[in-house]
Chemist: 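Provided herewith is a single structure, encoded as structure tokens, for subsequent inquiry.
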Amino acid sequence: MSDGHARESSTPRSAEGSVCRLRPAQPGLDLTQTRPQAVLDCPLSRAGRSLPATLIPGRVPGSPMTIEMIVALIGASVVAYAIANRFRLIAPVLLIAAGVGVALLPVGEEMSLPSTVVLTIFLPILLYWESLSVSLNRMRRSLRGIILSATVLVAITAALITLIGVLMGLSVGAALLIGACLGPTDATAVSSLGRGINPNGRTVLQAESLLNDGTALVIFAIALQAAQDSSGVTAGLVAHQLLLSFGGGIGAGVLVGAAVTKIGIRVRTITDDPMLATITALATPFLTFFIAEEIGGSGVLAVVTCGIVISRFAAPHMSLGSRVFGIPFWTILTHILNTILFVMVGVALPGIVAELPRADLVRGLILIPIIYIAMVAGRFAGQHLIIYSIRALDRRPEQRLRRTNIRGRIVSTVAGFRGAISLAMALSIPTSFDGTTYAERSLIILVVAGATLLSLLIQGLALPYVVRWANARPSAGMQTAESAESQETQALADILADTISQLDAIAERAGVDDDAAIEAVRADYARRHDSVSNASAEEEARIYGDQESALRLAVIEHLRERVHSLRFAGRIDDSTASRVSHRLDVETLHINGPLDVE
């Protein structure tokens, strides 16, 4: 494979029975190729045997990415977000629609995004940031349910979709591929569309979405084998693949996470450069993904595990600069990647539809709503099976306090959006097996893309109303979670009170002996203590009252205008005006609290 070209394989499964994994065909991914190649990697493929897999059928190789293409993508994204914000619509759906519009333009005919770029570049970054952002304490409280939802629930959903697909006339391999693609929920979609859900429920959904990608990719690998030769799929092969994928992925994630944490703490004693820390953080998910895939484990699970380890053990040692630079960087980066992904899916759809014969297109349009209903029904039924199994096996009193009701389970079902991972897996299906074109590939992609669109559109529109309906009759689990949240503000108020009581000792350690300064600080933190004590949640706490906050913000705006006037009059330098403006921004954040950049 040193020549960088994918070659056909007559045996995509090794003699040892391991299932192939998708890998880039070239050492360096060329983002300018309109029809880039990927290979299904297994021991035999490393010896020079591989299967090609392209992203967009029907695309003819053309010119590299041009300035016209970039302008078209940016323009389509801006229009989609502007409409979404103005009319409170679902941004991912509008981005896909914008991509379809770009594809119909002359400039869009040669645009494409390699599926291997999605799987090996986009996905590690997106999942790594989500794993850094998820609440570990809430995860730990619901760990058993999260693990079961990330494994058993995905398998149940995929199995029901497969059954319905076979009954509708699909081959077992094609139906299983659709089930594998639509089995996992999407972490980034949950983050962006699930804002109305209570914090505990949202954390459970995010954690489930992070972990279930690993399960889905294992099922996907098995489904690829079934599509090529169903007789080669055995119970032993499935068990071996599951153990290798989960064990190797989690093990690699823990090792890399621990190493990065230890090295990062040591490096900080030498240098405190926030740029270096951000670059190192950007390299971490790729390194983790690569190591896990090389040993046969799940790169997705490795990245998620690594992020959780770093979030738990390295976050307390992060410097101010790393937090100030890092969080906006990761937020903007993941937002851009999600935008590109959804727009490029829209760009791909016209080519997929054009390649399908009319009969297959009609068949696909019939299958989409049926498969979508099976997907939602599988998630709803699987949740009940898991929950009632836990209730039958665990009768402890504290378990009763975590129980959900039917309304909560409906919220969890509606919030189970499909997104990037489903589309990436569908687009990575090989174009041929054993040198024979895989005829059902375009149909599979159409059905998966259609079901994903329906998920974002129908469930995204319905979720706010379902959440309000569920909150009208909270379950025991929701009440327990709300009680835990209220205890958080009390704990924060307690440490503020303790800090005020120890202020003299703190001043002595800091070498401060000015009584007026000490009393001023004491009064300031006493005000903060009162604010936190009277707030139902930490984000509601404000340092100043409404009237004082309004006055302070008005003063800051007045000062900002005067500084700009001095700058335009030439009385102060641009750099001085910029520094003063930055200080005023910091004061504004001090009054309003941190910006919500998620």
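Residue numbers run from 1 in the order of the sequence given. Both backbone and side-chain heavy atoms feed into the values below; hydrogens, waters and symmetry mates do not.
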Chemist: Does any part of the side chain of Cys306, heavy atoms only, come nearer than 4.5 Å to the side chain of Thr284, both counted from C-beta?
Modeler: yes
Chemist: Is any side-chain heavy atom of Leu119 closer than 4.5 Å to one of Ser428?
Modeler: yes
Chemist: For residues 213-223, which residue pairs pass the side chain to side chain donor-acceptor pair (under 3.5 Å) check, not counting sequence neighbours?
Modeler: none
Chemist: Among residues at least two apart in sequence or on other chains, which ones pass ring-ring contact (aromatic ring centres under 6.0 Å, His included) with Tyr372?
Modeler: none
Chemist: Should Phe220 and Ile429 count as side-chain neighbours, where that means a heavy-atom distance under 4.5 Å?
Modeler: yes
Chemist: CD1/Ile146 to CG/Leu211 distance, rounded to the nearest 0.5 angstrom?
Modeler: 7.5 Å
Chemist: Answer whether the closest heavy-atom distance between the side chains of Val448 and Met425 falls below 4.5 Å.
Modeler: no
Chemist: Give me the ring orientation class for Tyr438 and Phe433: parallel if the planes are under 30° apart, tilted from 30 to 60°, perpendicular past 60°.
Modeler: perpendicular
Chemist: Can you sort out the partners of Phe380 under ring-ring contact (aromatic ring centres under 6.0 Å, His included), two or more places apart, ordered by chain and number?
Modeler: His384
Chemist: Indicate yes or no: at least one non-hydrogen side-chain atom of Arg441 is less than 4.5 angstrom from one of Ser432.
Modeler: no
Chemist: Using 0.5 Å steps for rounding, measure from the CD1 atom of Ile370 to the CD1 atom of Ile161.
Modeler: 13.0 Å
Chemist: Side chains of residues 162-179: which donor-acceptor partners sit under 3.5 Å, not counting sequence neighbours?
Modeler:
| unit_1 | atom_1 | unit_2 | atom_2 | d |
| --- | --- | --- | --- | --- |
| Thr162 | OG1 | Ala158 | O | 2.7 |
| Ser171 | OG | Ala174 | N | 3.2 |
| Ser171 | OG | Glu440 | OE1 | 2.7 |

Chemist: Would you check if there is a donor-acceptor pair between the side chains of Arg140 and Asn137 at a distance under 3.5 Å?
Modeler: yes
Chemist: Taking all atoms of both residues into account, what is the closest heavy-atom pair of Leu301 and Gly214, and its distance?
Modeler: CG-CA, 3.9 Å
Chemist: What residues, two or more places apart in sequence or in another chain, satisfy ring-ring contact (aromatic ring centres under 6.0 Å, His included) together with Tyr81?
Modeler: His335
Chemist: Taking salt bridge (Lys or Arg N to Asp or Glu O under 4.0 Å) as the cut-off, I'd like each qualifying pair that reaches into residues 405-421, sequence neighbours left out, listed once.
Modeler: none
Chemist: Is there a side-chain contact between Ile458 and Val376 (heavy atoms, below 4.5 Å)?
Modeler: no
Chemist: Between Leu153 and Asn212, is there a side-chain heavy-atom distance shorter than 4.5 Å?
Modeler: no
Chemist: For Arg391, look at atom CZ and say whether over 12 heavy atoms of other residues, nucleotides or ligands are found less than 6.0 Å away.
Modeler: yes
